[in-house]
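Written below as structure tokens is the structure these notes are about.
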Amino acid sequence: MRYLPHTEADIQVMFDAIGVKDFEELFQTVPEACRYDGEMEIPEAKTEWNLNRYMGKIRSMMPVSPDHNVLIGAGRYQHHIPAAIPSVMGRSEFLTAYTPYQPEMAQGTLQGLFEYQTLTARLLGVDVANASMYDGATGLAEALLMGLRVARKKTRIAISMAIHPHFREVVATYFRPTDYEIIELPFLKDGRTDLSSLAGEDGIAAVALQSPNFFGVIEDMEAAATAVHDVGALCVSCFTEPLAFGLFKSPGSCGADIVCGEGQSLGIPVSFGGPGLGMFGCRDAFVRNMPGRLVGETTDLDGKRGYVLTLSTREQHIRREKATSNICSNQGICTLTATMYMASLGGTGLRKLARLNYDKTEYLKKALQETGAECCFSAPTFNEFVVEFKNDFSTTWKKLMERGIVAGLNLGRFYPGFDNRYLFCVTETVSKDVLDMVISEVEK
Amino acid sequence: MRYLPHTEADIQVMFDAIGVKDFEELFQTVPEACRYDGEMEIPEAKTEWNLNRYMGKIRSMMPVSPDHNVLIGAGRYQHHIPAAIPSVMGRSEFLTAYTPYQPEMAQGTLQGLFEYQTLTARLLGVDVANASMYDGATGLAEALLMGLRVARKKTRIAISMAIHPHFREVVATYFRPTDYEIIELPFLKDGRTDLSSLAGEDGIAAVALQSPNFFGVIEDMEAAATAVHDVGALCVSCFTEPLAFGLFKSPGSCGADIVCGEGQSLGIPVSFGGPGLGMFGCRDAFVRNMPGRLVGETTDLDGKRGYVLTLSTREQHIRREKATSNICSNQGICTLTATMYMASLGGTGLRKLARLNYDKTEYLKKALQETGAECCFSAPTFNEFVVEFKNDFSTTWKKLMERGIVAGLNLGRFYPGFDNRYLFCVTETVSKDVLDMVISEVEK
Amino acid sequence: MNSAPGQSGLIMDEPLLWEKGKTGRNGMSIPESDVPAAPIPDKLCGNGPDFPDLYEVEVVRHYTRLSQWNFGVDTGMYPLGSCTMKYNPKINEKHAAAPELAAAHPMLGDEYCQGTLRIIYELQQYLAAITGLDAVSVQPAAGAHGELAGMLIFEAYHRSNGQKRTKILMPDTAHGTNPASAALCGYKPVPIKSGNRGILNVGQIRELMDEETAGIMITNPNTLGLFEENIREIAEIVHEKGGLVYGDGANMNAVMGIADMKKCGVDVLHLNLHKTFSTPHGGGGPGAGPVCVVDKLAGFLPSPRVEFDGTTYRLEAYRPESVGRMHSFHGNYGVLVRALCYILTMGAQNLKKVSQYAVLNASYLKVKLKEHLHLAYDRPCMHEAVFSDKKQLEFKVTTLDIAKRLMDSGYHPPTIYFPLVVPGAIMIEPTETESLEELDTFIEVVKQIVTEARTTPELLRNAPQRFKVKRLDETQAARKPCLCG
Amino acid sequence: MNSAPGQSGLIMDEPLLWEKGKTGRNGMSIPESDVPAAPIPDKLCGNGPDFPDLYEVEVVRHYTRLSQWNFGVDTGMYPLGSCTMKYNPKINEKHAAAPELAAAHPMLGDEYCQGTLRIIYELQQYLAAITGLDAVSVQPAAGAHGELAGMLIFEAYHRSNGQKRTKILMPDTAHGTNPASAALCGYKPVPIKSGNRGILNVGQIRELMDEETAGIMITNPNTLGLFEENIREIAEIVHEKGGLVYGDGANMNAVMGIADMKKCGVDVLHLNLHKTFSTPHGGGGPGAGPVCVVDKLAGFLPSPRVEFDGTTYRLEAYRPESVGRMHSFHGNYGVLVRALCYILTMGAQNLKKVSQYAVLNASYLKVKLKEHLHLAYDRPCMHEAVFSDKKQLEFKVTTLDIAKRLMDSGYHPPTIYFPLVVPGAIMIEPTETESLEELDTFIEVVKQIVTEARTTPELLRNAPQRFKVKRLDETQAARKPCLCG
Ligand SMILES: Cc1ncc(COP(=O)(O)O)c(C=O)c1O
Ligand SMILES: Cc1ncc(COP(=O)(O)O)c(C=O)c1O
């Protein structure tokens, strides 16, 4: 076995040194009653070539090929990824290291994470960002728990129904064993969250909105933050498409106190939904309540600049049950990848790319409306929007699928009454030709 | 343009420093009459994504997919290549360096090449191997020129007709402007070279054979070397499939004086025939007549072991028109790749793999004979063999092609009278199932 | 140090990203627009973030240089205890990055995802086989996330029995994530002291376990590298009181094909795919922490899992008793692909060998090193052994100094100061992918460092010397945090 | 040195391959046999070579460590004159390695190779467009091989005119491959001294060119980085005497879209795709040296080339006047794929910018550095400038010392001691992919080194200090060659 170095002779030398005669004796402390019976039910070892063949067979079971145009976002977005990124990220010094507990030997990782934190803070408009959460959904759950920690005595949180349904499910999972109450905020005709029910409410620790929300709609975050702050709650703003902040105001600049979301858009492949990147930031004041790892700048014995993991008294390995979160391993490789992507895009490129995504989406939105489909929500959108078709769209959808286009996501299973509503997503990867094919098929 | 750093402001700063006002002035020494008129006829710049699409379209013009079983060798062999090899070879410190003229800064390349020379010398059974020639064919041409240099006064060489036809063509190209005479040696019924015409010949500097030869036949190199030495010539042994030396005697151990050939089999993709690897070795006595670069061991100021390019007084950059060859850039990346492959296989693995190739080929050879096809040459073969079919094979060939099997290479265009003869190649990549499909199709 | 592989060579300095670049450069292609510009809602629009503009070469060099300041398993031995820093096979990277998988969208219907679902399904099956447990969810994104899933299952199980339990038994050798995960579910950890043999003793559990207590979290082999020999008896006691047994399977690398977690009495267990199953997790992740349970708890697992009816793979229908969704989609999917590739490559026999050799390597190091370093528990160990700086303290040399000196010698240091029960702990886990020669060199180097601790202790206290930076001031970093540039 | 990027960091030592490993280990999968063992002809069989047996991790670490001892363009600036060490785009690697191309077999009929043939065809067309010449063969595997093809064409051309010419004009600034290639075709180089302006003067050529002389080899821009301003007049003289003009196009990076080689009077020219067209050539290659000719010489080009009839790509039929085959198949095909990707990515306008910026960068360096280093020819330069150690000799500091000190500073040294006409030459070619900031830092570092040459010359003489090895003894290596371990 090519990963295992042990020759028969090696094993004997080691048995002798240890003073055992065989593996049986080596495992003497494993009681008979705990022993594994027989052999594990796993197929026989495959050579590299048989593995290739096997995985090739599995890949051939994917009828939606990489050449398809998938006009679905809903939390995961197909964007172009420059080849330079996986190429540099693939360097084993990055890939095969672990948590940078020994900072002098991991300055590459640490400076990389510090850069990630900084670019993320700039993108989200927050004072500080951590070194990542598992994904957008768990980040949101942790943000709300953090809101409750900051608020101390309060026991209620409110979350918008226009937040990604899976995110809300994960929040529910995290909150189930607690005594906290979750209030759901409905959305208005324009697709934005209805915050009117908040007014006069009391004991709410935090209110969470998503912008762009699940319908692609840009919330009026400034107004929302004011309304939330008016009831003494923290404003938690989440997102699934950070590219939006190349064009739209950042959540932090709108007044959000905690900002969290999914960073997969930033150079990370869709990959059936994972690994992604939980981006997470907040105001300076709340740093010590933050979950997750933080990298900080410091100096060495000679006064030279360097980076270390810091404020770890928040963390489980120091604080155990009193930690701000149980998170330990995070999404390291994905954070570095996202930083490489942000660095490759640059400020100029990010704006240009965001604008392009916006324009393409508007093109399709307008054209579909002209075919008679109804745009369900009137507020501005980014990248995604919801339309309702007059007739049953499912046959058109199947026809387009046969032509290599996945024409939106049916929302029937997420919201009652949305059976003929579709969430469309258009990124820079989709050409006008493809959009025109969709339009003309809808027109038929 | 993402590879170009120059902003408008940068350019102005540089113009000012240089003291020119524009690019026109910068190129003042290019006479008007030499100037390029208009724009070069090249398609408009493509984004990375359009390039991907374009190259994808080109790839789709290849009806023989990577999943086909190509039972053709004839100088290029499909072998399994472990993923670890391109992964490590892709490290930019190797890939984006150049000739190790500054040895202290290129010890990675240099130790790697020294290891290549050593493993190559061991594989070929020679005292010393150089750091590569362009490919097997040019290596053979250079070997014969070297033979003439060593022999001094002599002006004739002889080469076997069982040497790869392309190799012989390249030799002819190199020799055309010279006054040297090339004698062609026919092959016998058993597929081996007929050396009988040599006896008593005079003034022959070198005689070249290939083993395994173009027909896959193992020459009796020991006997051949003796015969060649008997007429006072140097024995040049070339090859296209070095894997053979895992099982068969190495050319050097059989008495060859200069050994050269194509090393593509050793972990380098077929890639439409290039880049490959010209392997080249000889006896110690002839080192100073060798073409190509050599890496040697030395010590640094502290007496520590290190590696440098050496014996460069043979080379063009020192000796100019008196150099042993004009070669400068060689096949650097391919030599390192081949070393990684040899290191991954190991002695044990090489033998096992060679044996497997041999057994699979013998299986097909025997089975085809049992169907009534004639095995054209009776001497032992490795990896490849020639059969003649009783009936026209071309329709069967096409049928098998449709089923994803390329059933051998028709030799009609290489040798007169070989119109219904096919050169088959079987490597470890071809499973018995595939061979059985060929056999049963032939049986029909 | 003669035998040590660590040497000095050229590395390149490199500033922070925003200390580079010039406005207007670009590092990636952006397609030309093929649609008209749409009007934008000015009120909502911002200026975009202040990112530097770099060109591709600047980006590539930046990260190439940063990488030179790092050390990975491919660089050398990385005996970071409890982290199982084994070799990460290259071929698995290729499969995880295959375009068909990389582009697979998780919101498509099952009929469009048969390949991706099959990978999950097979992994569920094989992980069940490896642990001996019955049902698996691959959603948890890391070990701690798996623990949380487990604690949620504990909570849901007790709730389904109409109970709300408030405590959980927690050995003092437990990894910090265990109490933190339990706390998230409202369980108060009841600490259990390790006995003098380094393992749990039955009496203590019998004393502490009660019907307020949800169960116990046991790491087995534990973080001292010892097999919890009494786990079955302990499980019986816990079960008798209606409790459940959680197994932290982070150390599964020691016992694949050797111990059966169900026979050990474990009800819920997480695995760390990024450790035992060889997936790379540079800089801290991503991991994957699948949670495995016995039959009676299958219904509580996070949903959805993948089912197979012999023809079609499907995301299972809504399961009301499930603890619910743990992740936006199916966890760190790319990590799952790599883990499956690893399992398929190894097969049952090699996986067992992995554990045998992992324990063989650790035992060999233990025997050889205990002459030089104080061994906390001199008993047969599993995949790792915990030493300490006890013998070196007289020279005023600490575990930290030893760790830093090891860095100069070309080794990643072991895990230090954990587990907490061993003061100055040095926790060494070589993994099975290190060769005897490599172990012998490491032993030699440790021996030399131990000698230096006596003869030239300042060498250790001033270490490291070979890196871009000398010893960094972690106190300053925490006192005046600079977290953003 | 403060501003220099070079620093010291950890690298790992590593023995030779055969000083590692143990018999029986394996580093790659070998399929189990599915056929019966066949009898083997004992007499012919050997024992196989004495290779070490390593496992995969050993191989990966071996090369990871070796790579740490190297320096590439991705590491930093690599101003190796005449070598055009520009950035090698990553995306091109991906396309060259695409399975459809990597697995393409060159012996299949044209109908099975339309994609691979199209790549060659397009490249032929674009290289013709770039040079201004008419026909191209991509077979030559490197620059020198292209020169050989060119000399073969000279020879065949003259032979087709019933002539056998014996001499060739050879400027003394020519790269060593030029005389060596000419010699392979039986031409005796007639040396031409560079004039005091560093370029060829017409009078000399008029004097030397005769009907025994096959033609002239001109590198343009030449290896002093100067455009051969008299090339047209020279070509006329050569043509008048029935000779041909060979253009060594290794320095094409300076003049794409700016100079037209046909208008210059060049008849045959090779390009170095691994230089101008950005393909990586680690450790010395592979390169590609396509040869381009004017119409009247098209028939002599190496065969086969690729033709296109508007529908189908084909290998051309036998061409009797061709110099014949130069390579087993189609040259270094993978290099051709990368070069085509580069050209398609750049388009005409960016290729012209490449040359403009390459010359801009070199001119900037020239102006800034000439205060510190002696500039051999103070004239408007193209893509490179040649300095020397003339000013430093008084301190007993040589070009070699300066080069070694640059290494410690984190730069690959320029080409040194070439061209031969400049004693102690320091030939600097920054390429267009270096930024102004990078050039400024480099200038600063050179300035500091020049100061050190005066103040602390031993720093230079003892350089390099930051590497695995100190200055290596090249004399010893040549005197007692140890070429095989
Ligand atoms: C024993 C043990 N349990 C749990 C964990 C947590 O795993 P993760 O970091 O994947 O969340 C670790 C890893 O550090 C561990 O060593
Ligand atoms: C001017 C010049 N001509 C020819 C060559 C030879 O090219 P190659 O090394 O590709 O054979 C070189 C490269 O070193 C060169 O610089």
Side-chain angles (χ1 to χ4, degrees), chain A residues 5 10 14 18 29 36 39-42 45 58-59 61-62 66 82 88 91-97 99 104 107-109 118 122-123 128 134 137 169 173 177 249 269 272-275 296-298 300-301 306 310 316-317 320-321 323 326 328-330 332 344 346-347 351 362-363 380 432, chain C residues 27-28 34-35 38 41 46 48-49 51 53 63 66-67 69-70 72-74 99-100 102-104 106 114-116 129 141-142 144 155 176 179-181 183 185 227 260 264 280 282-287 324-325 328-329 332-333 347-348 363-364 435-436 467 469-470 472 477 482-485:
Chain A
D10 289 344
M14 295 167 85
I18 298 163
T29 59
Y36 202 102
E39 199 172 86
M40 298 175 279
E41 255 187 71
I42 294 174
I58 290 183
R59 288 196 293 272
M61 293 165 67
M62 297 301 285
V88 183
R91 288 183 61 81
S92 62
E93 293 90 336
F94 289 133
L95 218 55
T96 70
T99 311
E104 300 86 359
Q107 283 298 295
T109 291
T118 303
R122 292 182 187 187
L123 182 67
V128 49
Y134 301 133
E169 287 183 44
T173 299
K249 284 181 186 155
F272 210 48
E297 194 173 293
T298 187
D300 75 356
L301 282 177
T310 194
Q316 45 73 30
H317 65 283
R320 300 179 75 85
E321 65 268 25
N326 68 333
C328 178
S329 291
N330 55 21
S344 299
R351 187 152 194 92
E362 290 302 303
Y363 176 81
K432 178 169 171 294
Chain C
M28 68 180 263
D34 53 2
V35 296
F51 284 2
D53 287 352
Y63 287 102
L66 261 61
S67 79
W69 313 342
N70 255 19
V73 174
D74 284 9
E100 292 86 348
Q114 288 297 293
T116 42
E155 201 276 340
S181 300
C185 295
F227 196 89
D260 178 323
C264 288
R325 186 183 287 278
S328 307
F329 298 101
N332 282 334
Y333 186 76
S363 304
Y364 182 75
S435 67
L436 175 56
F467 294 80
V469 290
K470 299 210 175 134
L472 286 161
C482 167
L483 308 171
C484 188

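In what follows, chains are A, B, ... by sequence order, proteins preceding strands, each numbered from 1.
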(request) Evaluate the criterion side chain to side chain contact (heavy atoms under 4.5 Å, CB included) for residue pair A:Gln107 and C:Asn70; output intermediate values, then yes/no. (result) CA-CA 6 Å; A:Gln107 283 298 295; C:Asn70 255 19; 5.7 Å; no
(request) Using atom types as modelled and distance alone, determine if a side-chain donor or acceptor of A:Glu104 lies under 3.5 Å from a backbone N or O of C:Leu472. (result) yes
(request) Quick one: closest heavy-atom pair of A:Pro275 and C:Asn332, and the distance? (result) CA-OD1, 3.2 Å
(request) Report the distance from atom SG of C:Cys185 to atom CG of A:Asn326, rounding to the nearest 0.5 Å. (result) 8.5 Å
(message) So A:Glu93 and C:Asp74, do their side chains get closer than 4.5 Å, heavy atoms only?
(response) no
(request) Flag the pair A:Asp300 / C:Phe467 as yes when at least one side-chain heavy-atom distance between them is below 4.5 Å, and no otherwise. (result) no
(message) For C:Pro286, is there any backbone N or O sitting under 3.5 Å from a side-chain donor or acceptor partner on A:Asn330?
(response) no
(request) Using a cut-off of under 4.5 Å on heavy-atom pairs, state which of C:Gly284, C:Ala38, C:Pro280, C:Ala102 scores highest against chain A. (result) C:Gly284
(request) With sequence neighbours excluded, tell me which residues meet ring pair (Phe, Tyr, Trp, His ring centres under 6.0 Å) with C:Phe227. (result) none
(request) Please name all residues satisfying salt bridge (Lys or Arg N to Asp or Glu O under 4.0 Å) with C:Arg325, sequence neighbours left out, ordered by chain then number. (result) A:Glu169
(request) Let me know if A:Arg351 has heavy atoms under 4.5 Å from chain C in its side chain, its backbone, both or neither. (result) side chain
(request) Please flag which part of A:Tyr363 lies under 4.5 Å from any non-hydrogen atom of chain C: side chain, backbone, both or neither. (result) side chain
(request) Return the option, out of C:Ser328, C:Ser435, C:Gly324, with the maximum number of heavy-atom pairs under 4.5 Å with chain A. (result) C:Ser328
(request) Please flag which part of A:Arg91 lies under 4.5 Å from any non-hydrogen atom of chain C: side chain, backbone, both or neither. (result) side chain
(request) Select, from C:Gly282, C:Gly347, C:Pro41, the one with the greatest count of heavy-atom pairs under 4.5 Å involving chain A. (result) C:Gly282
(message) Can you tell me which portion of A:Ser329 sits under 4.5 Å from chain C's heavy atoms? Options are side chain, backbone, both or neither.
(response) both
(message) Less than 4.5 Å apart, side chain to side chain, heavy atoms only: is that true for C:Pro179 and A:Gln316?
(response) no
(message) Using every non-hydrogen atom in the two residues, find where A:Tyr134 and C:Ala144 come nearest and quote the distance to one decimal.
(response) OH-CB, 3.7 Å
(message) Using every non-hydrogen atom in the two residues, find where C:Ser363 and A:Ile18 come nearest and quote the distance to one decimal.
(response) CB-CD1, 3.5 Å
(request) Mind listing the closest non-hydrogen atom pair of C:Phe51 and A:Gly346 along with its distance? (result) CB-C, 3.8 Å
(request) Nearest 0.5 Å please: distance from the CD atom of A:Glu321 over to the OG atom of C:Ser181. (result) 11.5 Å
(request) Check whether any side-chain N or O of A:Asp10 sits under 3.5 Å from a backbone N or O of C:Leu436 as a donor-acceptor pair, and report yes or no. (result) no
(message) Quick check: closest heavy atoms across A:Met62 and C:Gly115, and the distance to 0.1 Å?
(response) SD-N, 3.4 Å
(request) Go through C:Pro99, C:Ala477, C:Ala183, C:Ala142 and name the one with the most non-hydrogen pairs under 4.5 angstrom from chain A. (result) C:Ala477
(request) Measure across C:Ala348 and A:Glu39 and return the closest heavy-atom pair with its distance rounded to 0.1 Å. (result) CB-CG, 3.5 Å
